[in-house]
Amino acid sequence: LRRRELAGDAMNLRVLVVDDDEVDVMLFRKALERSRPPEVAFELVHAKSVVEARTWLKKESFDLAVVDYRMPEITGLEFLQELVPAHPKLPVVMCTGSGDERTAARAIKERAQEYLLKADLLHVPLARILLDAVARKREEVGKSEETRLLADRARLDDLTGLPRQAIILKFMEDGLDRCRNAGRPF
């Protein structure tokens, strides 16, 4: 997150950790605590399965999800393909104990904000990585909403708030074309 956002009051981020291995979750918690800046608090919610994660996501909101690659029901990549469209504002970090470059590339392609190896957790600035993932996602979401607002403004007249004349004409021309193609009078 931007430094100015961290400069004020303490920040509390809710993190959903989806991992079936309790030991790995303890390692993640320890690594996060070691690298956590004093002005940031992380509240971890542990889901032991994809099914449990789905339940949590239906009833609670989170600032970030950390998903293990190897899960009993489906892979983390398969869950990511489900998670991103269902929760487009939620940043997701893929974390695995045994990964390779192809898996990392696929995770990023499926819109994971980051890809981490569990073996590296104690040796990387984990809190900073998670904060950066949240910041990147918020920036991405902000840009897409800004683009939508600009498109809406381009379609509407500033004075009346009604659709611009060019849009109305295009709509009418399309309707006339459909009538002609269907052989109906207009």
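Remember, predicted model here, so these are calculated numbers, not experimental data. In this chain, numbering begins with 1 at the start of the sequence shown.
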Result block: side-chain N/O donor-acceptor pairs under 3.5 angstrom for residues 102-110, not counting sequence neighbours:
residue: Thr103; atom: OG1; partner: Asp100; partner atom: OD1; Å: 2.8
residue: Glu110; atom: OE2; partner: Gln81; partner atom: NE2; Å: 3.3

Legend entry - Same apolar cluster: Val66 and Leu121, side chain cutoff 4.5 Å: yes
Any donor-acceptor pair under 3.5 Å linking the side chain of [X] with the backbone of [Y]?
{"X": "Thr55", "Y": "Val51", "answer": "yes"}
{"X": "Ser35", "Y": "Ala127", "answer": "yes"}
{"X": "His46", "Y": "Asp19", "answer": "yes"}

Under the salt bridge (charged side-chain N to carboxylate O under 4.0 Å, His left out) rule, collect the residues that match up with [X], sequence neighbours excluded.
{"X": "Asp120", "result": "none"}
{"X": "Arg70", "result": "none"}
{"X": "Asp20", "result": "none"}
{"X": "Glu82", "result": "Arg54"}

With sequence neighbours excluded, tell me which residues meet side-chain contact (heavy atoms from CB on, under 4.5 Å) with [X].
{"X": "Pro88", "answer": "none"}
{"X": "Glu52", "answer": "Ala47, Lys48, Ser49, Trp56"}
{"X": "Arg14", "answer": "Glu43, Val45, Glu60, Phe62, Asp63"}

Student check: side-chain heavy atoms of [X] and [Y] closer than 4.5 Å:
{"X": "Val124", "Y": "Ile129", "answer": "yes"}
{"X": "Leu122", "Y": "Arg34", "answer": "yes"}
{"X": "Leu131", "Y": "Pro37", "answer": "yes"}

Inset, instruction - Flag the pair Lys137 and Glu114 as a salt bridge only when some basic side-chain nitrogen lies within less than 4.0 angstrom of an acidic carboxylate oxygen. - result: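 No, no charged N to carboxylate O under 4.0 Å.
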Legend entry - Carboxylate-amine/guanidinium proximity below 4.0 Å for Asp132 and Arg128: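 Salt bridge flag = yes for Arg128 with Asp132.
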Legend entry - Sequence-distant partners of Gln113, side-chain hydrogen bond (donor to acceptor under 3.5 Å, both in side chains), two or more places apart: none
Legend entry - Residues forming a side-chain hydrogen bond (donor to acceptor under 3.5 Å, both in side chains) with Asp177, sequence neighbours excluded: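 Testing Asp177 for side-chain hydrogen bond (donor to acceptor under 3.5 Å, both in side chains), a comparison that skips the adjacent residues, returns Arg180.
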List, one per line, each side-chain donor-acceptor pair under 3.5 Å for residues 24-33, sequence neighbours excluded.
residue: Asp24; atom: OD2; partner: Lys118; partner atom: NZ; Å: 2.8
residue: Glu33; atom: OE2; partner: Arg36; partner atom: NE; Å: 3.3
residue: Glu33; atom: OE2; partner: Arg36; partner atom: NH2; Å: 3.2

